[in-house]
Amino acid sequence: MSIVVTGASGHLGRLIVSSLLNRGIPAGEIVALGRDTARLADLADRGVTTRQADYTDPDSLRSAFAGAEKLMFVSGSEIGQRIAQHRNVVAAAREAGVGLVVYTSIANADRSGMILASEHLATEREIVGAGLPYVILRNGWYLENYTDQVPTYLQFGVTGSAGDGRVSAATRADLAEAAAAALTGAAETNRVYELGGEAFTLTELAEEVSRQTGRAVGYTDLPAEKFTEVLVGAGLPEGFAAVLADSDRGLSRGALHVDGDDLAKLIGRQPTTLAEALRAAL
C-alpha cells in the first residue's frame, strides 16, 4: 500500500503524516510531497519517502503519484489560483489510477457563500466528475487561527465581523487525525464529512481568554469593510484582508457552524475544545 500526502511540508500535511505513522502505517508505505524536499528532511529521517511536487507542474504530479493507492489531497494555499492547480492534481490522480482521494475542503462548502468556499466546491465537483473514489473532509476553522493571536488579543482585544455567529473550530491535530482515519478505513467512500469542534462566538472567545489570562479582553464587532481596513492596517495585503473579513461575515450567518459529530466519530473521541487549546497555548 502506498499513501501519498500532498502539502507535507505545511502544518496540516505534516501532522497527517505523523498521524499515519502513529496509527502504525509503515514509513515505507507513506510518500510525502512538497515543493521543496529539503523541508521534508525530518520525515525522510523517519523513513518516509519524499518526492518533489508542485500543483502548477502537472509532470511533477504525475511522477509523484506513480504507484499511489491512496491520495491525501491537502488543498493549496494560493487563493485565486487553486481551481487551476487543483484541476492538475485531480487529472494526475485519475491518470495514476489512484484508488481513493481524500480531500480537505471547507465547512459547508456547498452553501456557505464564502469567497473561500467557491474554490473548494469547484474542486469537490472536479473529483466527483473524474470518477475517483473519494472522501471529502470539510474542515472547520482551525482553533490555531485564534489561539495564535492571544498576544494581540491581550493588547488590542478581539476584533471581527462575526456578530453572534458560532464557529465550530478544531485543532489542526484533530483534523489531521481525522484525515489519517479516513485514509486507513474509518470513513465511508464517496461521502462528505463536515468536521468541526465545539462551537463558540467571538464574544465567548474573548471571555475565555479573559478567564484564562486574568486580563480583561472584549470583542469589538465591525462592519466587514471596516474590519478589512483594520487588517490592512495590521500589515495584511488588501486582497487577503478582504477574504478574511468575508469569512467573518460568513461566520456571522452560520457558514462556519458545523452540525453533527463527524469529527468525534472519525477520531474516536471528543475534539479539543477552545478552553483546552487556549490552555495549551498559554
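Index from 1, following the sequence.
A178 meets the side chain to side chain contact (heavy atoms under 4.5 Å, CB included) test with L195, L263, L266, I267; sequence neighbours excluded. Legend: residues meeting ring pair (Phe, Tyr, Trp, His ring centres under 6.0 Å) with Y153, ordered by chain and number and at least two apart, are absent. Residues passing the salt bridge (Lys or Arg N to Asp or Glu O under 4.0 Å) test with R94: none are found, sequence neighbours excluded. Looking at residues two or more places apart in sequence or on another chain, you find a side chain to side chain contact (heavy atoms under 4.5 Å, CB included) between D148 and E144. Partners of S118 under the side chain to side chain contact (heavy atoms under 4.5 Å, CB included) rule, at least two apart in sequence or in another chain, do not exist in this structure. Not counting sequence neighbours, the partners of R191 by the salt bridge (Lys or Arg N to Asp or Glu O under 4.0 Å) test are E188, D262. Partners of E229 under the salt bridge (Lys or Arg N to Asp or Glu O under 4.0 Å) rule, at least two apart in sequence or in another chain, are K226. Taking A242 as the reference, T228 meet the side chain to side chain contact (heavy atoms under 4.5 Å, CB included) condition, with sequence neighbours excluded.
Side-chain contact, H120 with Y103: a donor N or O sits under 3.5 Å from an acceptor N or O.
A salt bridge does not link D36 to R39: none of the charged side-chain nitrogens sits closer than 4.0 Å to a carboxylate oxygen.
Between the side chain of N108 and the main chain of A255, a donor-acceptor pair closer than 3.5 Å is present. When atom types are taken as modelled, the side chain of T104 and the backbone of S75 share a donor-acceptor pair closer than 3.5 angstrom. Under the 3.5 Å distance criterion, the side-chain polar atoms of H86 are matched with a main-chain donor or acceptor of G76. Proximity of a side-chain donor or acceptor of T272 to a complementary backbone N or O of T171 within less than 3.5 Å is not detected.
Atom OG1 of T123 is separated from atom CD1 of I106 by 11.5 Å, given to the nearest 0.5 angstrom. Between L205 atom CG and L278 atom CG the span is 6.5 Å, to the nearest 0.5 Å.
Applying the salt bridge (Lys or Arg N to Asp or Glu O under 4.0 Å) rule to pairs touching residues 233-246 yields D246-R249, sequence neighbours excluded. Within the structure, the salt bridge (Lys or Arg N to Asp or Glu O under 4.0 Å) test picks out the following pairs touching residues 7-24 (sequence neighbours left out): R14-D42. Screening residues 131-143 for salt bridge (Lys or Arg N to Asp or Glu O under 4.0 Å) gives D110-R138, E124-R138, R138-E194 as the qualifying pairs, with residues at least two apart or on separate chains.
Separation of the F65 and F73 ring centroids does not fall under the 6.0 Å cut-off.
I83 belongs to no multi-residue hydrophobic cluster, having no ILVMFWY side-chain contact under 4.5 Å with any other such residue.
Annotation: side chain of S60 is in contact with side chain of Q52 (closest heavy-atom distance under 4.5 Å).
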